[in-house]
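The residues of the chain are indexed from 1 along the displayed sequence.
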Amino acid sequence: MSYILVLAPLLAASIVAALLALRRDRRRWGALAIAAAIVLALTIVFDSLMIAADLFRYDDAKLLGPHIALAPIEDLGYALIAVLLAAAIWTLLPSRAARRGDDASEATDA
């Protein structure tokens with residue numbers, strides 16, 4: 001099984017989650033783009049360093065082929081999944097202020 005077969009469904013699900021969570025908020029999309037750029041840059045740097053240090057290897061037969069520095073393109077997909085899911089979960093979970101506000105209003109109603 002190639003790495004892309006594992007990556008594709010996870011990437012598709014994380015894109016759908018981010019689209020649902022961030023629908024119309026342009027500020028959040030901008031923040032997501034900045035975060036993704038930073039995480040992808042760090043992934044390229046640190047994966048290249050780890051590959052150069054021979055900490056791990058990839059089966060070339062299972063890779064798509066393109067590399068950025070020493071990092072295979074598939075590694076960027078996993079980093080992108082992490083950023084998209086983190087943004088979606090952060091947006092969809094209720095904030096602490098909202099939970100405290102709900103608790104306070106329930107206490108005053110009693």
Side-chain angles (χ1 to χ4, degrees):
M1 175 184 284
S2 69
Y3 298 118
I4 194 67
L5 291 177
V6 174
L7 177 66
L10 297 172
L11 186 57
S14 64
I15 289 170
V16 169
L19 287 172
L20 291 174
L22 306 176
R23 282 174 252 186
R24 296 181 191 107
D25 193 346
R26 288 186 182 195
R27 289 182 306 146
R28 289 186 180 170
W29 281 110
L32 178 64
I34 292 168
I38 292 168
V39 168
L40 292 175
L42 290 171
T43 299
I44 291 167
V45 170
F46 288 107
D47 277 8
S48 294
L49 290 173
M50 290 186 289
I51 292 168
D54 204 25
L55 295 177
F56 57 89
R57 296 180 186 165
Y58 291 96
D59 183 357
D60 289 333
K62 295 181 180 180
L63 291 172
L64 288 176
H67 287 71
I68 298 177
L70 294 177
I73 199 82
E74 289 89 344
D75 271 359
L76 300 180
Y78 297 114
L80 187 57
I81 288 169
V83 171
L84 291 171
L85 286 179
I89 291 169
W90 184 269
T91 303
L92 294 173
L93 287 178
S95 69
R96 288 186 197 179
R99 286 186 298 216
R100 273 185 274 150
D102 292 344
D103 293 342
S105 66
E106 289 174 7
T108 57
D109 290 341

Check whether Val45 and Phe56 end up in the same hydrophobic cluster, where Ile, Leu, Val, Met, Phe, Trp and Tyr are linked by side-chain heavy atoms less than 4.5 Å apart.
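As far as the 4.5 Å side-chain criterion goes, Phe56 and Val45 are not connected within one cluster.
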If Ile, Leu, Val, Met, Phe, Trp and Tyr residues are connected whenever their side-chain heavy atoms lie under 4.5 Å apart, and connections chain through other members, are Leu85 and Leu19 in the same group?
yes
Where do [X] and [Y] come nearest, in terms of heavy atoms and distance?
| X | Y | answer |
| --- | --- | --- |
| Pro72 | Tyr58 | CG-CE1, 3.5 Å |
| Ile51 | Leu70 | CD1-O, 3.3 Å |
| Ala21 | Ala88 | CB-CA, 3.7 Å |
| Trp29 | Arg23 | NE1-O, 3.6 Å |
| Ser2 | Lys62 | CB-O, 3.5 Å |

Rounded to the nearest 0.5 Å, how far apart are [atom1] of [X] and [atom2] of [Y]?
| X | Y | atom1 | atom2 | value |
| --- | --- | --- | --- | --- |
| Asp75 | Leu80 | CG | CG | 12.5 Å |
| Ile4 | Leu63 | CD1 | CG | 10.0 Å |
| Leu22 | Trp90 | CG | CH2 | 13.0 Å |

Would you confirm whether Glu74, through its side chain, and Leu64, through its main-chain N or O, come within 3.5 Å as a donor-acceptor pair?
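Between the backbone of Leu64 and the side chain of Glu74 there is a qualifying donor-acceptor contact (under 3.5 Å).
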Which atom pairs, donor and acceptor, lie under 3.5 Å between side-chain atoms of residues 32-43 and protein residues at least two apart or in another chain?
from  : atom 1 : to    : atom 2 : distance (Å)
Thr43 : OG1    : Val39 : O      : 2.7

Taking the side chain as every heavy atom from C-beta outward, state whether Ile68 and Ile73 have any atom pair closer than 4.5 Å.
yes
Report yes if the side chains of Tyr3 and Asp59 come closer than 4.5 Å at any heavy-atom pair, otherwise no.
yes
Listed partners of Asp54 passing salt bridge (charged side-chain N to carboxylate O under 4.0 Å, His left out), at least two apart
Arg57
Throw together a table of side-chain donor-acceptor distances under 3.5 angstrom for residues 6-17, partners on residues two or more places apart or in other chains.
from  : atom 1 : to    : atom 2 : distance (Å)
Ser14 : OG     : Leu10 : O      : 3.3
Ser14 : OG     : Leu11 : O      : 2.9

